[in-house]
Amino acid sequence: MAKTRQSPFSLRLTFEQRAVLEAAAGDLSLAAYIHGKLFDSGDAPVRRRGKKPVKDHQALAQVLGKLGQSRLSSNLNQLAKAVNTGSLPVTPDTEAALLAAAADVQEMRRLLIDALNLREGP
């Protein structure tokens, strides 16, 4: 005779109760936190990546502020159009503007990598 499987157990919580549990769980999943509290097996619970991977909210705000102030997408579209029509004169001013834009994009990338606690690739 086949062994029947028990149905999963669910528990309804208010938004406030769930928020308290999530705050207490920290980096743990809710299931791991609840198992640890109920059954206290002595084993260290498995740590999971947090739901909020942002390491530095201030750095992330800086990047988002720079993106909001820039007209990056519009400017890139205008540059692509000028390149496609052959109407982009390469003057020292144009070259300086392109190099400055590239430096801004590199700085935003660095700030995002730092704020999201990611490692840069090779």
Side-chain angles (χ1 to χ4, degrees):
M1 180 172 186
K3 187 176 182 180
T4 59
R5 204 173 139 177
Q6 290 184 348
S7 61
F9 176 78
S10 65
L11 173 67
R12 292 184 187 266
L13 301 169
T14 65
F15 289 109
E16 293 81 14
Q17 290 169 330
R18 183 175 177 125
V20 168
L21 278 176
E22 286 178 340
D27 290 341
L28 298 176
S29 68
L30 281 181
Y33 176 75
I34 293 168
H35 278 138
K37 284 294 187 183
L38 290 176
F39 302 113
D40 194 29
S41 63
D43 296 334
V46 177
R47 295 225 174 248
R48 305 262 186 228
R49 184 177 177 139
K51 293 178 185 175
K52 298 176 185 173
V54 176
K55 177 183 92 172
D56 186 346
H57 289 277
Q58 184 176 3
L60 185 58
Q62 279 182 305
V63 171
L64 293 176
K66 281 190 176 197
L67 283 173
Q69 292 171 352
S70 77
R71 294 176 26 95
L72 189 60
S73 60
S74 175
N75 292 344
L76 286 174
N77 188 39
Q78 290 172 359
L79 282 171
K81 183 177 180 180
V83 167
N84 287 332
T85 61
S87 64
L88 180 65
V90 182
T91 65
D93 288 342
T94 304
E95 185 177 357
L98 289 172
L99 290 173
D104 288 344
V105 170
Q106 287 176 333
E107 176 68 6
M108 286 185 273
R109 179 181 183 274
R110 187 195 63 74
L111 288 170
L112 275 173
I113 287 170
D114 187 50
L116 295 173
N117 201 21
L118 301 172
R119 292 194 310 162
E120 290 194 56

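As the structure is a prediction and not an experimental result, all values here were calculated from the model.
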Identify, with sequence neighbours excluded, every residue that meets side-chain contact (heavy atoms from CB on, under 4.5 Å) alongside S7.
none

In chain order, what residues pass the side-chain contact (heavy atoms from CB on, under 4.5 Å) check against L38, with sequence neighbours excluded?
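Applying side-chain contact (heavy atoms from CB on, under 4.5 Å) to L38 gives I34.
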
Check for me, please, whether L30 and L11 land in the same ILVMFWY cluster - side-chain distances under 4.5 Å, paths through other members count.
yes

Using the side-chain hydrogen bond (donor to acceptor under 3.5 Å, both in side chains) criterion, which residues pair with [X]? Sequence neighbours excluded.
{"X": "T85", "result": "S87"}
{"X": "Q17", "result": "T14"}
{"X": "T91", "result": "T94"}

Minimum heavy-atom separation for L21 and Y33, please, with both atom names.
CD2-CE2, 3.8 Å

